[in-house]
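Just so we're clear, the structure is a prediction, and the values are computed from it rather than from any experiment. Every chain is numbered from 1, with letters handed out A, B, ... down the list of sequences.
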Amino acid sequence: MTAKLRNFDYLSFAVMIALIAIGTVSVWSAGNARTEAVFHGTWLRNLATAAFGLVLYLAIAFSDYRRWLGLVAAPAYCLALALLVAVLIFGSEQFGGRRWLWFFQPSEISKLCVIAMIAWLYGGEDSPIAGVRRTFRGFLIAAAVVGLPALLILKEPDLGTALTLIPAAVVMLVVAGVWRRGLVTILAGGGIAALMVLGAVYEAERPGVARERRDKIMRFVPLRDHQVRRVKTFLFQDEDQTGAGYNLRQAKIAIGSGGFSGKGIGKSDSSHLKYLPQAVSMNDFIFCVYAEETGFIGSLVLLALFGTLLVLGCRAAFLSADGGGRLLALGVSTLVFAHVYVNVAMSIGVVPITGLPLPFISSGRTFLITAMCGFGVIQSVTIHREVKKR
Amino acid sequence: MSAGDSLAGRLSCCALAMAFIVGLLHLAVRLREVQVVEAADYGYILGRQAERRVQTGGTRGRIFDRNGSVLADNRESVSIICRPSFFKKRTWDEIASGIIAAISNVESVVGRPSPVTAKDVRRHIARSLAMPLPVWRDVDDGELARFSERESEFPGFAAEVVAERVYPQRRLAAHLLGYVGRDRGESVAGDEKFNFFLPELRGRSGIEHYYDGFLIGVPGERKLLVDARGFTIREWTVVEAKKGPDLRLTIDSGVQRAVERQLRGEIGACVVLDPRNGEVLAMASAPGFDPNDFVPVLRTEVYERFAGDPSKPLLNRATGGAFAPGSTFKPITALAGLRAGYPETAEYNCDGVYQLGMMRIHCARRWGHGELDLRRALMKSCNPFFCNLGMDIGTNALIAAARDFGLGRRTGVDFGVDSPGVVPDGEWKLRKYREKWFQGDLAQMSIGQGMLLVTPLQMAMVAGAIGTGYSVMPHLKADMAPVRRPLPFAAAHLRAVREGMRMVVAGDGESGGSGWRGGEGVPVPVSGKTGTAEVGRRDRRRNNTWFIAYAPSEAPRVAVAMLIEDGVSGGGTAAPKVAEILKAVFNDG
């Protein structure tokens with residue numbers, strides 16, 4: 001135990017706690033701004049969730065991941081797949097997507113499960129496919145392992161989750177050395193497809209395009225209506241300021257009006273005056289509230305905290321002597337980075353708006369626990385980094 | 001194997017860390033753009049969408065008469081208002097019905113139905129949601145007490161003190177003072193400085209209207225912080241409104257009261273002014289009204305009573321009504337004749353009727369005055385004399401004289417209603433009636449009949465100008481420099497006409513003048529001229545009776561014009577009333 005405590009990454013832990021504290025304050029501010037009294041206590045529920053997450057975090061951190069990865073990965077992955085199927089059948093509809101099952105979102109949990117599965121298959125010493133990792137067969141297996149949950153998540157649809165899971169998986173597979181040609185092909189194909197979709201939407205929604213032409217083009221665009229709207233808003237940021245563009249505009253106004261030093265904690269005009277869309281001000285748009293209240297300084301502090309956390313995640317991978325551990329750490333770090341990047345970038349119009357929480361800050365309980373468990377895993381990788389036979 | 005090949009694996013860890021840092025730096029750079037470079041723009045946009053600027057009106061200035069007695073004042077009035085932000089609901093319809101229901105609840109406590117309709121509420125929500133809606137204006141003490149007792153039961157309702165106009169002398173000088181009204185407090189579209197204008201009192205007629213910009217003071221500014229739906233969250237005052245300055249008039253309440261006493265029960269108008277400087281001492285029109293009826297808002301039934309009244313109580317006859325001057329025009333005809341070279345001693349014979357083709361103009365004295373000169377013609381108001389004189393000098397000379405007295409032209413008085421009247425000529429008649437100018441028209445005009453129209457204010461000016469020898473621009477605001485213009489008539493001619501007008505009141509020693517009652521009991525000598533203008537068609541012929549006068553005769557300090565519609569005669573109806581007014585003026589000093 002003393003060895004474990006010696007290896008414990010206190011800085012990472014402290015940064016995580018700091019982020020949770022920032023999140024709690026932001027949720028308190030955004031919640032107070034809402035008319036419905038029920039949201040005034042959301043920050044407290046979040047704090048309770050964080051306490052529960054902390055127990056999980058410590059439990060995972062101090063248990064040797066090498067001991068349970070092989071046991072847990074496959075069943076967890078199968079369970080995640082089952083939940084993703086279940087949510088499509090029994091889930092409750094909200095904001096144009098079927099994402100909720102009872103009190104949690106299976107897609108959030110599935111992120112960790114997929115990462116664990118890939119880490120085990122492509123890094124674990126007891127992996128059943130240890131011999132074929134770098135072959136075409138290994139690539140096919142990887143495609144199936146990532147593609148299956150990704151398709152189910154897209155079916156909900158939860159484009160944001162799919163978009164964060166895929167980079168994490170790709171990074172892990174690249175580091176694991178999976179058949180490169182296949183990966184490159186898929187990535188290039190995906191990139192080209194994404195550009196084509198963007199180009200098609202641009203061509204179709206450009207002002208002055210005839211209706212028939214628009215409809216003809218849009219028939220080939222594999223996006224839902226609300227997704228098309230978001231892409232449109234992104235492409236033509238200054239045109240539509242009331243409809244779909246309203247959210248983006250208000251997000252930018254909130255962040256921009258915060259200025260250099262912010263308006264002070266709890267003094268976000270945009271959320272208190274309800275210009276910021278109320279339904280998402282505590283979740284996907286929490287960064288706007290935070291940035292308006294703390295200004296550019298606050299934004300930098302937040303980015304620095306995330307940077308520290310992510311670099312420490314890479315350090316864990318760097319120090320790990322174990323392939324599985326390294327992949328786990330890199331996967332979780334990439335996943336969190338993707339969330340941070342997309343969430344902040346969408347608030348200022350750098351990427352299209354997608355429903356993604358900001359790790360530790362947004363008031364999503366499922367994702368808070370997911371993220372804490374993820375960093376628990378990284379902590380476990382840090383603690384158990386020495387080569388040691390069981 | 002696998003991740004065991006450490007070097008490549010470890011390098012990729014470093015590469016990934018670098019990638020993360022680059023990504024976060026990218027965000028930092030973009031955030032700097034938004035939060036530092038463009039921060040001011042976004043701050044401005046937030047202000048634009050979240051702030052409403054309200055222009056608030058200051059208290060109106062008071063209006064005094066020349067001696068400092070108050071004609072228009074302000075009083076504190078309590079309104080019960082409703083703040084829409086207390087009725088937040090999901091849809092606008094729910095908000096409107098919530099407010100309407102709440103109003104009817106409060107109604108049962110206040111005990112007076114609110115004039116605010118469901119339509120008003122919807123309109124208010126649509127146009128000025130951020131502002132309070134006045135539900136009851138000017139509630140009395142009992143209503144306020146009942147409301148205050150249970151105010152806490154009605155969130156969103158409050159009592160608010162506003163300034164209302166009050167006219168303490170009630171009907172006195174109503175047409176002169178005018179009245180006030182409220183604009184709707186609506187939002188203003190576009191990039192105006194203000195989003196809302198408080199429904200402040202604006203002058204709608206009379207002095208209140210003409211001097212509105214003077215009385216209204218300097219507006220203040222309030223800011224409202226509104227949420228995304230437009231409800232007010234917070235409000236504060238940026239600039240306090242300043243009270244408007246007080247206005248002192250040339251009006252003398254005592255004279256005004258005397259004038260109105262004489263007009264009581266009549267339809268008519270009277271103007272009293274100081275011919276030396278143009279100060280209007282009294283100006284009244286009858287029937288009148290009480291301007292307090294227009295406060296806080298003009299009620300429909302009151303308005304309908306005014307609108308349906310054939311005697312037009314809202315019409316200011318003193319400056320806005322145009323009437324045939326009748327014989328009061330004869331001094332002008334006389335002056336025109338003298339200027340044209342007719343000696344003042346020349347006589348015409350009056351046999352009781354003046355005949356021109358088919359047209360017969362009778363004299364007041366059916367059997368005629370016989371031979372008489374200009375002074376006695378004025379004194380007796382002999383029609384044939386002036387018809388003959390007019391025919392002899394011609395249309396142009398007569399018209400020129402009328403215009404020299406300012407007839408047919410706005411007087412320039414500082415008042416909104418200032419009718420020019422009509423001095424007809426050939427061109428005018430052709431344009432208006434598509435008819436040539438006949439000799440008969442000239443004969444009619446010579447005795448102030450026909451198409452000639454004047455206002456009582458103009459006739460008061462004529463009387464004063466004859467008395468002083470110069471015309472002045474009339475004015476109502478005190479302490480204005482007089483604008484004088486000498487009359488283009490020779491002093492000797494004026495003297496002759498003045499003598500005639502003196503004889504109208506005083507007689508010539510043998511017989512009395514037509515306006516002898518105009519000087520009855522007045523402590524100073526009075527000069528004047530009667531007038532009885534026949535108006536209306538043959539079957540409904542009425543007499544508009546006039547008396548114009550100035551006094552004291554030798555150095556006039558007061559000029560009066562009195563018009564009574566549907567009287568008996570100028571000498572019998574109007575002259576005694578003028579005498580009463582002059583008694584009030586000169587007995588009080």
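- With a threshold of 4.5 angstrom between heavy atoms, Val226(B) approaches chain A through its backbone and through its side chain.
- Contacts with chain A (heavy atom to heavy atom, under 4.5 Å) involve these residues of residues 12-24 of chain B, listed by number: Ser12(B), Cys13(B), Cys14(B), Leu16(B), Ala17(B), Ala19(B), Phe20(B), Ile21(B), Gly23(B), Leu24(B).
- Taking a 6.0 Å sphere around NZ of Lys88(B), one finds it holds more than 12 heavy atoms contributed by other residues, nucleotides or ligands.
- Residue Arg32(B) places its CZ atom among 12 or fewer non-hydrogen atoms of other residues, nucleotides or ligands, all under 6.0 Å distant.
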For a quick test of your reading: what N or O donor-acceptor pairs under 3.5 Å do the side chains of residues 297-318 of chain A make, sequence neighbours left out?
residue, atom, partner, partner atom, Å
Ser299(A), OG, Gly295(A), O, 3.1
Ser299(A), OG, Gln35(B), OE1, 2.6
Thr308(A), OG1, Ala304(A), O, 2.7

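- Within a 6.0 Å radius of CD in Glu76(B), no more than 12 heavy atoms belonging to other residues, nucleotides or ligands are found.
- With chain A as the partner, the residue from Ile233(B), Val34(B), Val36(B), Leu27(B) showing the most heavy-atom pairs under 4.5 Å is Leu27(B).
- No side-chain heavy atom of Val344(A) sits under 4.5 Å from any side-chain heavy atom of Arg30(B).
- Neither the backbone nor the side chain of Ser347(A) comes within less than 4.5 Å of any heavy atom in chain B.
- Ranking Ser333(A), Gly258(A), Gly177(A), Ser270(A) against chain B, the residue ahead of the rest is Ser333(A), based on heavy-atom pairs under 4.5 Å.
- Within the 4.5 angstrom heavy-atom criterion, no atom of Val174(A) approaches chain B.
- In this structure, Leu31(B) CG and Ile348(A) CD1 are separated by 4.0 Å, a value rounded to the nearest 0.5 Å.
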Task: Arg10(B) and Arg326(A): CA distance, side-chain angles, deciding distance, side chain to side chain contact (heavy atoms under 4.5 Å, CB included) verdict - done: CA-CA 9 Å; Arg10(B) 291 194 168 184; Arg326(A) 173 168 299 163; 3.4 Å; yes
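- Atom CZ of Arg137(A) has 12 or fewer heavy atoms from other residues, nucleotides or ligands within 6.0 Å.
- The structure places OH of Tyr42(B) at 13.0 Å from CD of Glu292(A), a figure rounded to the nearest 0.5 Å.
- Atom CD of residue Glu38(B) and atom CD1 of residue Ile253(A) lie 12.0 Å apart, to the nearest 0.5 angstrom.
- Of the two parts of Ala291(A), the backbone and the side chain both hold a non-hydrogen atom closer than 4.5 Å to a non-hydrogen atom of chain B.
- Ranking Gly43(B), Ala50(B), Gly47(B) against chain A, the residue ahead of the rest is Ala50(B), based on heavy-atom pairs under 4.5 Å.
- No more than 12 heavy atoms of other residues, nucleotides or ligands shown are found within 6.0 angstrom of CD on Glu240(B).
- Heavy atoms closer than 4.5 Å to chain B are found in the backbone of Leu319(A), but not in its side chain.
- The parts of Gln49(B) that come within reach of chain A are both its backbone and its side chain, each placing non-hydrogen atoms under 4.5 angstrom from that chain.
- Taking CD1 from Ile45(B) and NZ from Lys252(A), the interatomic distance works out to 9.0 Å, rounded to the nearest 0.5 Å.
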